[in-house]
Amino acid sequence: MERKNILVTGGMGYIGSHTVIKLVEYGYNPIIIDNLANSSEKVLPRLEKITGTKIAFYKGDVCNREDVDKVLSENKIDAVIHFAGLKAVGESVQKPVEYYRNNLDSTLTLLEEMPKYGVKNIIFSSSATVYGTPTHVPLVESDPIGQATNPYGQTKIIQEGIFQDYCHVHPDFNVALLRYFNPIGAHASGLIGEAPNGIPNNLMPYVTQVAVGKRDHLSIFGDDYNTPDGTCIRDYIHVVDLAEGHVLTLKKLFENPGLVIYNLGTGKGTSVLELVHAYEKATGVKIPYVIAPRRAGDVEANYAATDKAEREIGFKAKYTVEDSCRDSNHWQQMNPNGYED
């Protein structure tokens, strides 16, 4: 059987690169387009080393019609997995216009270009931020969305709306909206992982940088929330589990479902302090921390109900938080400066 070609936008990034590996494992042929704004060219040889296969890479911007046209015209694409986008919550508050322009343009460009080449399947990298401040947890896919606490989340809500409107008038078009919770961890090889530019926005890379001595302590924003230990609760999912979720979703798309929405998480919440202690337990490294004031826009508790994804695509997270801590630590130890080493 001929291998299906999957275009992965932003495929050199953290989640994209792990998904590329899973695609190869499942017998797909990934083709990457990435402008390297928040990733490194050094990811490609590492992906090829892990998978033992040559991977097609186009340096290009998904907001640019010519760049997208080039990839689609040179390859018969069976589906698109759309990761490309700006993704730092804090930065989005400072640079709203840049976030709206970049994130919406990339999606609109794809939806204009894909039909010219008969591409009818797309998986969109959405986010749990679309749920805004939850009135209850765990969150289910049918919960209302539309009040994100930051421009980044707002771009995801608008993009989800664009896809829904598009499906409404193109019933033969298939879209999966995947709402991620908090991806952590790294590939077990230690060759690829999360390598943020500058000061990390996310908890895990900050913890790992403290662990290798790049930062002297972790700041925990608020310990007076209405949670068992006072710190915020999140749903931390191993990035390899998350990648698997995309590949399981592809099968669903090829069955022509129209529009589907899935939460991808573990189904249970872990507090910030629990994550820090899990890291210490998994690695034997002590993480010094200080309690800092609450951070604007942080919600108290946010975790997923994952029953729907399990029922419809057979998705269930396999890795524990400790597994994720161990793999994140391994990646950071091997690459203290990310891909610059």
Can you tell me how far apart [atom1] ([X]) and [atom2] ([Y]) are? Round to the nearest 0.5 Å.
{"X": "Arg65", "Y": "Leu72", "atom1": "CZ", "atom2": "CG", "value": "11.5 Å"}
{"X": "Asn263", "Y": "Thr306", "atom1": "CG", "atom2": "OG1", "value": "8.0 Å"}
{"X": "Glu48", "Y": "Lys54", "atom1": "CD", "atom2": "NZ", "value": "4.0 Å"}

Verify the distance criterion only: is there a donor paired with an acceptor across the side chains of [X] and [Y] at less than 3.5 Å?
{"X": "Asp78", "Y": "Asn121", "value": "no"}
{"X": "Tyr117", "Y": "Asp69", "value": "yes"}
{"X": "Asn202", "Y": "Glu194", "value": "yes"}
{"X": "Thr266", "Y": "Asp235", "value": "yes"}
{"X": "Ser271", "Y": "Asp229", "value": "yes"}
{"X": "Tyr152", "Y": "Asn201", "value": "no"}
{"X": "Asn5", "Y": "Asn75", "value": "no"}
{"X": "Tyr58", "Y": "Asn35", "value": "no"}
{"X": "Thr9", "Y": "His82", "value": "yes"}
{"X": "Glu244", "Y": "Tyr26", "value": "yes"}
{"X": "Ser324", "Y": "Asp327", "value": "no"}
{"X": "Tyr262", "Y": "Glu312", "value": "yes"}

Checklist entry - Parallel, tilted or perpendicular for Tyr180 and His246, by the 30°/60° rule? => result perpendicular
Item to check | For Lys120, all residues meeting side chain to side chain donor-acceptor pair (under 3.5 Å), sequence neighbours excluded | outcome: Asp172
Checklist entry - Between Phe173 and Tyr166, does the ring centre distance come in under 6.0 Å? => result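 Yes, the ring centres sit under 6.0 Å apart.
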Checklist entry - Would you say the side-chain atoms of Ser40 pair up with the backbone N or O of Leu36, donor to acceptor, closer than 3.5 Å? => result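 It does not hold such a pair.
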Checklist entry - Just by distance, do the side chain of Ser126 and the backbone of Arg179 share a donor-acceptor pair under 3.5 Å? => result no
Checklist entry - Would you call Arg101-Asp105 a salt bridge at under 4.0 Å N-O? => result yes
Item to check | SB check Lys70 Glu74 (cutoff 4.0 Å) | outcome: yes
Determine the minimum heavy-atom distance between [X] and [Y], stating which atoms define it.
{"X": "Arg46", "Y": "Trp331", "value": "NH1-CZ3, 3.8 Å"}
{"X": "Gly153", "Y": "Ala148", "value": "C-CB, 3.5 Å"}
{"X": "Tyr303", "Y": "Phe181", "value": "C-CE2, 3.6 Å"}
{"X": "Val43", "Y": "Ser17", "value": "CG1-CB, 3.8 Å"}
{"X": "Arg234", "Y": "Val299", "value": "NH2-O, 2.7 Å"}
{"X": "Thr51", "Y": "Thr53", "value": "OG1-CG2, 3.0 Å"}

Checklist entry - Taking only residues two or more places apart in sequence, or in another chain, which ones meet His168 in a ring-ring contact (aromatic ring centres under 6.0 Å, His included)? => result none
Checklist entry - Is it the case that one hydrophobic cluster holds both Leu23 and Ile15, taking links as side-chain heavy atoms less than 4.5 Å apart, direct or via other members? => result yes
Next on the checklist: Suppose we screen for side chain to side chain contact (heavy atoms under 4.5 Å, CB included). Which residues come up paired with Thr283, at least two apart in sequence or across chains?
Outcome noted: Tyr279, Val285, Asn329
